[in-house]
2 protein chains.
Amino acid sequence: MNVHSKTQAAPRQQIDPTDKRDRILQATIRLISEYGFHGTPVSMIAKDAGVGTGTIYRYFKDKDALVLEIFQQVNCAFKKTLLHEYVVSQPIRDRFLHLCRDIFQYGIHNPYEFKFIEQFYNSPYGTTLRREKLFCNCGDPGQDLPLEQVFAAGKEQNTIKDLPLAALIALAIGPIVFLVKDSIVGLIQLDDATINATMAACWDAVKVETGTSK
Amino acid sequence: MNVHSKTQAAPRQQIDPTDKRDRILQATIRLISEYGFHGTPVSMIAKDAGVGTGTIYRYFKDKDALVLEIFQQVNCAFKKTLLHEYVVSQPIRDRFLHLCRDIFQYGIHNPYEFKFIEQFYNSPYGTTLRREKLFCNCGDPGQDLPLEQVFAAGKEQNTIKDLPLAALIALAIGPIVFLVKDSIVGLIQLDDATINATMAACWDAVKVETGTSK
DNA sequence: AAGGACGGAATGAATGTTCACTCCAAGACG
DNA sequence: CGTCTTGGAGTGAACATTCATTCCGTCCTT
């Protein structure tokens, strides 16, 4: 960008304003999502980010701090994605499908972040976080996930099955996580038709049956 | 060799026939399911198994061989569980629910093995295996998973939705894996009622709608 | 020229693997 | 029967490697 590099045209440092910090974050997400925390040495992150290993410690106290910051950042971004264009006044089914689609899209367009979050949540550290219900509230303390709101509202008006919340979430998110992971590793190709049909099937799983059951 | 090796009553060695080997396997499953491959040093496995570190290398070439053997063993045992009392002549829905129940039960009763398999499948090595479709065929080469058979049969008779196989599997297994993992880390308590209702909901997801769709 | 950002060699701790040794059960020999 | 020999399972300290973190010389900016 810019060129004349030097001669002051670029106001800050020469090449990377805070570029390096971002490169480190991105490389870490990518590598840890593939090899796991203990499977990715700091040296590997440095090489992938194109910086010296020492530089990483200029920006982060240690490896743990680096990973924790990534989790908080990615987790917040993901939650914001879910709330994007989410309208509480819409019918339960529409809101549900909207959320499903957002999760699908997020996973497909942010595969590394998606796998990173999943790994983190299933790590001992992530489990502790979940148990303590701390999460990252992103400045909206105490607010439930929108999916939980939808289920609560749906149960009241007898649109959603009367199941434990954990089971409903599993029915909604489980298949999506499963499919997206397969898609990320290249085992399948997710086209729009499949995504839509799968979302609809997730709805069938959580909705109250309308016709005869069986 | 042989010789009546004495009186034959106690055929083999005195105390530990293959006891240690098993203890090593069990410890590895438990620890890796919790801390991951790179997160569990061999020394930790040795201590947990109550053997010297060197002993592990009497039974296994290296750490990789140890883990690979566990995967093959556990994977085969799991598949056998799925085929237990599985009757092809039963209706699609009954076979489906039977398989779902088996997966639930296996996960609840073998939490370490369950998490181990999940981790392995999502590791780079496991992904390669899946892509190569090699798996562990347990002596039944080419035989599909029973779940795949059920879906194939169900599609033919228009009982199961016409979705890609991967999507159907995700709809069936995704929620179960999700719930069992939560149950293993103690976030929820899975009672029979919840299990049954969740299985039924999985069926709703994959079955062809009978009443009006909406 | 001063000061800080940067890279990467240096460092010490941790990990996977090896190896020289111990120990004990099971024949061999009297 | 009792003692000696032996072979191999078992062990954990030692070794080589890898890792996270630190440190210092270099270079860029001002």
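First the proteins, then the strands, lettered A, B, ... as listed; each starts at 1.
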Listed pairs, N/O of protein and of nucleotides 10-17 of chain C, under 3.5 Å:
unit_1: C:dG16; atom_1: OP1; unit_2: B:Lys63; atom_2: NZ; d: 2.6
unit_1: C:dG16; atom_1: OP2; unit_2: B:Val42; atom_2: N; d: 2.6
unit_1: C:dT17; atom_1: OP2; unit_2: B:Tyr57; atom_2: OH; d: 2.5
unit_1: C:dT17; atom_1: OP2; unit_2: B:Lys63; atom_2: N; d: 3.2
unit_1: C:dT17; atom_1: O5'; unit_2: B:Tyr57; atom_2: OH; d: 3.4

_Separation of D:dG10 P from B:Ile56 CD1 (nearest whole Å)_ = 12 Å

_Please report whether the ring centroid of A:Phe78 lies less than 6.0 Å from that of A:Phe114._
no

_Check A:Asp182 with B:Arg130, please: is the shortest side-chain N to carboxylate O separation under 4.0 Å?_
yes

*asked:* Over the length of the helix from C:dA1-D:dT30 to C:dG30-D:dC1, how much do the five-pair end axes diverge, rounded to 10 degrees?
replied: 10°

_Separation of atom CZ in A:Phe60 from atom P in D:dT22, rounded to whole Å_ = 15 Å

*Are there more than 12 heavy atoms of other residues, nucleotides or ligands under 6.0 Å from atom OH of B:Tyr86?*
yes

*Mind calculating the distance between NZ (A:Lys47) and C1' (C:dA9) to the nearest angstrom?*
15 Å

*Roughly, in whole Å, what's the span from NZ in A:Lys20 to P in C:dG4?*
17 Å

*For A:Gly54 and B:Gly54, take the nucleotide of DNA chain D holding the closest heavy atom to each; which residue's nucleotide lies nearer the 5' end?*
B:Gly54

*Can you tell me how far C1' of D:dT21 sits from OH of A:Tyr59, to the nearest Å?*
18 Å

*Going by the angle between their ring planes, with limits at 30° and 60°, are A:Phe120 and A:Phe71 parallel, tilted or perpendicular?*
parallel

_Whole angstroms only, please: what is the CZ-C1' distance between A:Arg58 and C:dA5?_
5 Å

*asked:* Can you measure A:Met44 atom CE to C:dG8 atom P for me and round it to whole angstrom units?
replied: 17 Å

_When you measure from the side chain of A:Thr198 to the backbone of A:Thr194, do you find a donor-acceptor pair of N or O atoms at a distance under 3.5 Å?_
yes

Let me check something: any side-chain donor-acceptor pairs from residues 42-56 of chain B under 3.5 Å, sequence neighbours excluded? List them with distances.
unit_1: B:Asp48; atom_1: OD2; unit_2: B:Arg30; atom_2: NH1; d: 2.8
unit_1: B:Thr55; atom_1: OG1; unit_2: B:Gly52; atom_2: O; d: 3.4

*For residues A:Tyr35 and B:His38, determine if any side-chain heavy atom of one lies less than 4.5 Å from a side-chain heavy atom of the other.*
no

*Can you check whether A:Gln119 reaches A:Phe37 side chain to side chain, under 4.5 Å on heavy atoms?*
no

*Which nucleotide sits closest to the side chain of A:Val51: D:dT11, C:dG7, D:dA9?*
C:dG7

*May I ask you to decide whether B:Arg21 forms a salt bridge with B:Glu69, counting only side-chain N to carboxylate O separations under 4.0 Å?*
yes

